[in-house]
Amino acid sequence: MRKITPIRMSSEISKAYEPQSVEEKWYARWLEEGCFTADPTSTKPGYSIVIPPPNVTGVLTLGHVLNNTLQDVLARRARMLGKEVLWLPGTDHAGIATQTVVERKLRKEEHKTRRDLGREAFLERVWEWKEKHGGIIIQQLKRLGCSCDWGRERFTMDAGYSRAVQQVFVELYNKGLIYRGKRMVNWCPVSLTALSDEEVIMKAQKGTLYHMRYEVVEEPGRFLEIATTRPETLMGDSAVAVHPKDERYKSLVGKHVWRPFPRAQIPIVADEHIDIEFGTGVLKVTPAHDKADFEIGQRHGLEAIDVLNPDGTLNELAGPEFAGMERFAARKAAAEKLRELGLLVKEEPHQNNVGYSERADVPIEPRLSEQWFLKYPSVEASRQAVASGEIAFRPERWANVYEHWMTNLQDWCISRQLWWGHRIPVWYHKEDATRLHVAVEPPADEANWTQEIDVLDTWFSSWLWPFETMDGATRAKFYPTDDLVTGPDIIFFWVARMIMAGYEFTGQKPFSNVFFTGLIRDMQGRKMSKSLGNSPDPLELIAKYGADGIRFGLLRIAPQGQDIRFDEKQIEEGRNFANKLWNAARFRQMHGPSAPDASLEGVALSCYSTEILARLHTLIAEVDAAYGEYRFNEIGQRLYDFFWSDYCDWYVEAAKTEILGADGAAKASSLAVMDYILNRFLRLLAPFMPHLCEELWATMGFRAPGHGKPFLMYAAWPTAEAPQGAAAARERVEAVYQSVRLARNLRAEVRIPSNKKVGFRLKPQVAWAEEESGTFARLINAETVELDAAYQPASGEPRVLTPLGELYLPLEGAVDADAERDRLEKEIAKVVKEIETVKRKLSNESFVRNAPSAVVEEHRKREGDWADKLSQLRKMREALG
RNA sequence: GGGCAGUUAGCUCAGCGGUAGAGCGGUUCGUUUACACCGAAUUGGUCGGGGGUUCGAUUCCCUCACUGCCCACCA
């Protein structure tokens with residue numbers, strides 16, 4: 001193992017923490033030393049996470065930063081808890097997205113389409129692109145500090161993985177769960193492929209409801225009025241439908257109407273599906289272009305007339321004047337023609353929901369086509385696993401969303417008319433198209449067969465991710481995985497399907513916990529998107545604030561599964577916190593070397609030391625509890641508050657009395673306590689800010705019992721002992737600190753500049769006031785605090801009652817008896833009010849009877865405290881005259 | 001049309017049955033030998049409206065309002 005040489009701090013070292021070089025240095029060291037490598041033969045208990053594989057075309061977004069930082073935190077803490085950790089990385093081939101990117105490039109640079117190249121050549125291009133430009137995001141994740149086992153990076157189109165995908169297809173086919181059929185699917189006229197229901201996004205549209213009329217064949221001169229939003233499909237109408245109970249039209253059922261163009265007689269049918277209330281209560285039935293219409297067509301044996309080409313233009317069945325016309329142009333043209341024929345009754349504005357293709361962002365076209373479908377496997381086991389808590393969803397409410405989807409499953413359209421993807425392992429016999437060969441290997445007499453040209457939906461490969469990324473030995477050690485961290489937006493696409501695949505193909509759940517993060521939005525609450533340009537570049541933020549800064553900033557504002565409004569200020573806070581820690585360590589270093597083990601054996605502690613150690617003890621307990629509930633923001637908040645406020649603002653400032661004082665033993669004690677705290681705190685913070693903590697750990701020369709490697713990232717997770725005498729210390733320290741706050745306030749009120757040293761007088765009311773007067777004086781920036789039990793203040797000298805006693809500020813010329821009288825009287829009024837409140841509460845019998853005794857006790861104590869304070873204030877008031 | 005979240009200080013958010021919190025912002029002071037990416041003090045809230053349960057409600061229940069998200073074949 002290589003020796004680590006820490007950079008020694010010196011007074012020349014920069015006052016501000018400069019993350020760039022530190023972060024890159026440590027990341028390189030960790031990699032060199034194999035710190036991220038998972039060993040399946042280890043005797044330590046295993047812990048594993050698989051990364052939600054980002055698209056190979058992807059670049060890092062803030063969403064990725066949050067998501068992967070959370071995974072990194074979990075992985076790093078698990079290592080410190082003594083687990084053998086596997087965080088398995090990789091990328092997704094992302095069928096449509098990647099194909100589109102390469103096609104666009106081809107068009108731009110060579111003015112060619114993929115068809116110009118042909119399938120084989122095009123795929124070669126995609127692979128070339130993938131090798132060259134794919135996986136940028138992997139590099140970006142490294143810059144963020146992700147401790148993935150990069151040696152195990154997987155891609156969903158790796159040879160072995162692809163084979164597994166095809167095997168799964170064959171297996172499901174043989175089980176009768178996969179079938180081919182001509183069905184109504186969601187067709188994207190831009191990507192020219194079928195899509196699953198999940199890839200369709202419903203959007204509210206402002207459109208027009210056209211009222212038109214068809215003449216009844218059997219009763220010339222009588223017209224049926226029909227409302228439609230899609231007149232361009234009327235050429236594909238093969239019936240009109242009314243509700244069987246609709247009295248208005250009962251007599252017409254079984255008769256016919258004239259479809260105006262191409263002119264034809266079509267029947268009037270009765271169907272339960274019709275909503276009597278909507279429009280005119282008459283529906284034009286276009287079985288080829290609407291899912292509901294298709295079903296009506298099935299029930300009534302209607303012809304499905306497909307009037308659209310795959311690209312969304314109309315075909316010759318629509319008639320010569322429409323053939324070749326784009327669908328939305330045709331809508332206007334059809335309406336216009338109806339108007340000319342006198343068949344358009346009216347047009348009215350209408351809002352309805354239209355399905356859009358998630359990728360291409362155009363309205364999808366319901367289209368009848370031959371596709372492969374999957375009946376989901378292991379549904380009941382999967383549903384049960386989440387319902388019973390065998391797989392825990394956090395926040396829990398997502399379990400309901402999952403449950404709802406799982407109980408309303410529709411068969412999954414898994415074929416895609418793309419080239420980039422896993423080719424469906426099916427061959428059709430050239431002589432006899434009904435003969436199929438379904439296997440991973442092509443048939444022996446391959447020349448007599450043609451392979452299916454469609455590929456599989458990308459999610460049909462990603463659902464195997466938690467186990468197909470692992471070899472046998474790895475699986476034995478690390479499967480099922482422990483935590484999955486992902487966004488709720490892919491709960492159906494990915495999470496639910498992985499659960500089903502896990503049970504179906506491994507007989508086990510694929511993971512035990514799923515943590516759903518929130519979505520990161522901009523300050524206006526909008527989704528981050530490329531088109532809005534409101535998505536900050538995380539790498540720029542890293543350059544500006546450091547990886548640790550962005551990690552900490554984001555973690556601290558990421559609530560449990562709630563959406564997050566992003567504000568760069570929050571990242572700035574992360575950077576500032578890093579700087580604070582850096583400087584606190586620097587301060588400690590300025591007073592000599594630290595003890596590596598930072599033990600407090602046999603060290604006599606000041607009350608301030610005892611108090612901060614007690615707080616550290618509490619902190620560790622709280623952090624552990626918060627980890628147990630995945631409350632990352634709370635962990636961040638606790639660490640921040642403890643360090644900045646309790647440690648830096650109070651403890652270090654108080655300890656300066658001893659550190660800068662003459663008592664060698666006392667100084668050594670305070671420094672040892674700082675070492676103790678820093679040693680533990682760096683370990684606690686390491687998962688959040690790994691680079692900085694590792695740097696300081698090395699600089700300070702700390703050691704800790706560890707789990708194999710001489711890095712902080714392998715140091716044991718800290719435990720803290722509650723110090724002896726914590727309660728007494730806390731009481732004393734709190735009295736001092738409270739007195740400090742009051743004294744500082746007094747200074748400010750009397751307008752003494754913060755840097756001006758002044759002399760105070762204290763009439764002590766506690767026996768130990770003398771012992772703490774030095775620290776007290778330091779904290780209030782006093783020249784002196786003279787203790788004088790018999791002190792007679794000049795009338796009008798600024799004064800305040802503190803827990804240490806009456807405090808006076810003898811100032812030349814600033815004596816104002818009226819002001820002091822006012823101040824005291826205001827204070828007295830406040831106390832009187834407090835006492836009244838407490839008294840009222842205590843005199844309420846129901847309160848005393850019903851409230852928990854601890855609460856009642858607290859009120860009693862409070863009453864006593866206030867009463868004491870009041871009597872002292874009154875005495876001071878009398879003395880003032 | 002169903003379901004789920006959210007509504008707390010000017011802004012972003014914690015708290016979720018016992019005296020309203022943080023950060024940022026504002027105001028005032030500060031070259032106090034770690035840190036101006038800092039320190040101190042201070043300002044600022046009938047905890048969305050209305051009911052109810054309770055000795056007590058920002059916290060639990062009901063209801064309404066608005067905001068956001070998910071699901072759903074009303075053309």
Side-chain angles (χ1 to χ4, degrees), chain A residues 15-17 184 202 209 226-230 241 273-275 277-286 290-296 350 352-353 355 366 395 397-398 400-401 404-405 408 488-489 491-492 518-519 521 523 525-527 545 549 556-557 559 561-567 569-570 572-591 633-634 637 640-641 645 648-649 652-653 656 660 740-741 744-749 751-757 778-781 834 837-838 841 844-852 854-856 858-859 862:
Chain A
K15 282 181 166 186
Y17 172 53
M184 194 54 94
M202 299 309 275
L209 189 60
I226 306 166
T228 181
T229 53
R230 303 203 59 191
H273 169 261
I274 309 310
D275 179 353
E277 305 293 318
F278 187 88
T280 59
V282 186
L283 174 72
K284 71 192 250 323
V285 184
T286 322
D290 185 279
K291 207 174 165 197
D293 288 12
F294 177 74
E295 281 159 22
I296 295 172
H350 178 69
N352 64 340
N353 291 321
R397 62 192 151 86
W398 294 112
N400 300 331
V401 177
H404 183 253
W405 190 72
N408 293 283
D489 49 332
I491 187 168
F492 310 137
L519 242 53
R521 302 172 169 281
M523 285 299 281
R526 299 172 306 180
K527 243 171 142 162
Y545 301 108
R556 202 154 82 88
I557 57 162
Q562 217 63 58
D563 286 358
I564 300 150
R565 278 185 200 223
F566 178 76
D567 183 350
K569 280 249 157 57
Q570 295 154 336
E572 203 177 311
E573 255 180 70
R575 189 264 321 256
N576 294 353
F577 186 56
N579 189 243
K580 189 73 180 175
L581 180 59
W582 173 263
N583 276 290
R586 212 163 66 93
F587 174 75
R588 172 61 192 84
Q589 286 281 287
M590 287 166 78
H591 296 94
N633 58 332
E634 187 180 325
Q637 190 63 42
Y640 184 95
D641 289 346
S645 172
C648 290
D649 289 347
V652 173
E653 292 307 320
K656 279 179 182 172
L660 304 175
V740 168
R741 289 184 200 103
R744 284 172 176 170
N745 171 277
L746 183 69
R747 287 181 60 124
E749 271 190 46
R751 306 208 156 271
I752 298 178
S754 358
N755 63 335
K756 189 172 178 201
K757 288 199 181 269
R778 157 170 290 282
L779 291 174
I780 62 179
N781 199 27
E834 294 288 355
T837 311
V838 180
K841 207 133 196 210
N844 181 339
E845 276 175 47
S846 317
F847 171 71
V848 177
R849 203 171 42 239
N850 298 319
V855 173
V856 178
E858 209 198 301
H859 278 77
R862 210 183 288 161

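On a predicted model such as this, the values are computed, not experimentally measured, just so you know. Quick note on labels: first sequence line is chain A, next is B, and so on, each numbered from 1.
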In whole Å, what is the span from the CG atom of A:Asp290 to the C1' atom of B:rC73? 7 Å
To the nearest Å, give me how far apart CD1 (A:Ile752) and C1' (B:rC29) are. 11 Å
Which is more 5' along RNA chain B, the nucleotide nearest A:Ala851 or the one nearest A:Gly281? Just name the residue. A:Ala851
Among the nucleotides B:rC55, B:rU31, B:rA75, which one has an atom lying closest to any side-chain atom of A:Leu283? B:rA75
Could you walk me through whether A:Arg397 and A:Asn400 pass the side-chain hydrogen bond (donor to acceptor under 3.5 Å, both in side chains) test, one step at a time? CA-CA 6 Å; A:Arg397 62 192 151 86; A:Asn400 300 331; over 6 Å; no
Just N and O in the side chain of A:Lys15: are any of them under 4.0 Å from OP1 or OP2 of B:rC35? yes
Which of the following nucleotides, B:rG23, B:rC73, B:rA75, is nearest to the side chain of A:His273? B:rC73
Does some side-chain heavy atom of A:Leu283 sit less than 4.5 Å from a side-chain heavy atom of A:Asp293? yes
Does a side-chain N or O from A:Lys656 land closer than 4.0 Å to OP1 or OP2 of B:rA34, or not? yes
Interatomic distance where CD belongs to A:Gln570 and P belongs to B:rU12 [whole Å]: 10 Å
Residue A:Val652, side-chain heavy atoms: nucleotide from B:rA34, B:rC71, B:rG39 that is nearest: B:rA34
Ring-face cation contact, A:Phe587 with A:Lys656, 6.0 Å cut, 45° max: yes
Kindly say if A:Arg751 contacts the phosphate of B:rU28, meaning a side-chain N or O under 4.0 Å from OP1 or OP2. no
Can you check whether any acceptor in the base of B:rU12 is under 3.5 Å from a donor in the side chain of A:Asp567, or vice versa? no
Indicate whether any N or O donor in one side chain lies under 3.5 Å from an N or O acceptor in the other, for A:Gln637 and A:Asp641. yes
Select base, sugar-phosphate, or nothing to describe what A:Pro488 touches, counting heavy atoms under 4.0 Å on all strands. nothing
Spacing of the C1' atoms in B:rG6 and B:rG48 (rounded, Å): 11 Å
A:Asn745 side-chain N/O to B:rU42 phosphate OP1/OP2 under 4.0 Å: yes
Which residue lies more 5' along RNA chain B, comparing A:Leu660 with A:Asn844 via nearest heavy atoms: A:Leu660
Looking only at side-chain N and O atoms, does A:Arg397 come under 4.0 Å of OP1 or OP2 in B:rC4? no
Candidate nucleotides B:rC71, B:rA34, B:rA75, ranked by approach to the side chain of A:Thr229 - the nearest: B:rA75
Rounded to the nearest angstrom, tell me the gap between atom CG in A:Asp489 and atom P in B:rC70. 9 Å
Could you please name the option among B:rG18, B:rC38, B:rC74 that lies closest to any side-chain atom of A:Asp275? B:rC74
Counting side-chain heavy atoms from C-beta on, which of B:rA34, B:rA40, B:rU19 comes nearest to A:Arg744? B:rA40
Can you tell me which nucleotide in B:rA75, B:rA22, B:rG18 comes closest to the side chain of A:Gln637? B:rA22
Counting any heavy atom closer than 4.0 Å, what does A:Glu277 reach on the DNA or RNA strands: base, sugar-phosphate only, or nothing? nothing
For the side chain of A:Glu295, counting heavy atoms from C-beta on, which of B:rA5, B:rC73, B:rC55 is nearest? B:rC73
Can you tell me the distance, in whole Å, between the CZ atom of A:Arg741 and the C1' atom of B:rU42? 15 Å
Measure from the side-chain heavy atoms of A:Asn579 and tell me the nearest of B:rC37, B:rG39, B:rC13. B:rC37
Pairwise C1' distance for B:rG56 and B:rA22, with rounding to whole Å: 27 Å
Measure from NZ on A:Lys569 to C1' on B:rG26 and round the result to the nearest Å. 13 Å
Chi angles and distances behind the salt bridge (charged side-chain N to carboxylate O under 4.0 Å, His left out) call for A:Glu858, A:Arg862: CA-CA 6 Å; A:Glu858 209 198 301; A:Arg862 210 183 288 161; 2.9 Å; yes
Rounded to whole angstroms, how far apart are CZ on A:Arg565 and P on B:rG68? 10 Å
Looking for any heavy atom pair under 4.0 Å, which part of the strands does A:Arg747 touch: base, sugar-phosphate only, or nothing? nothing
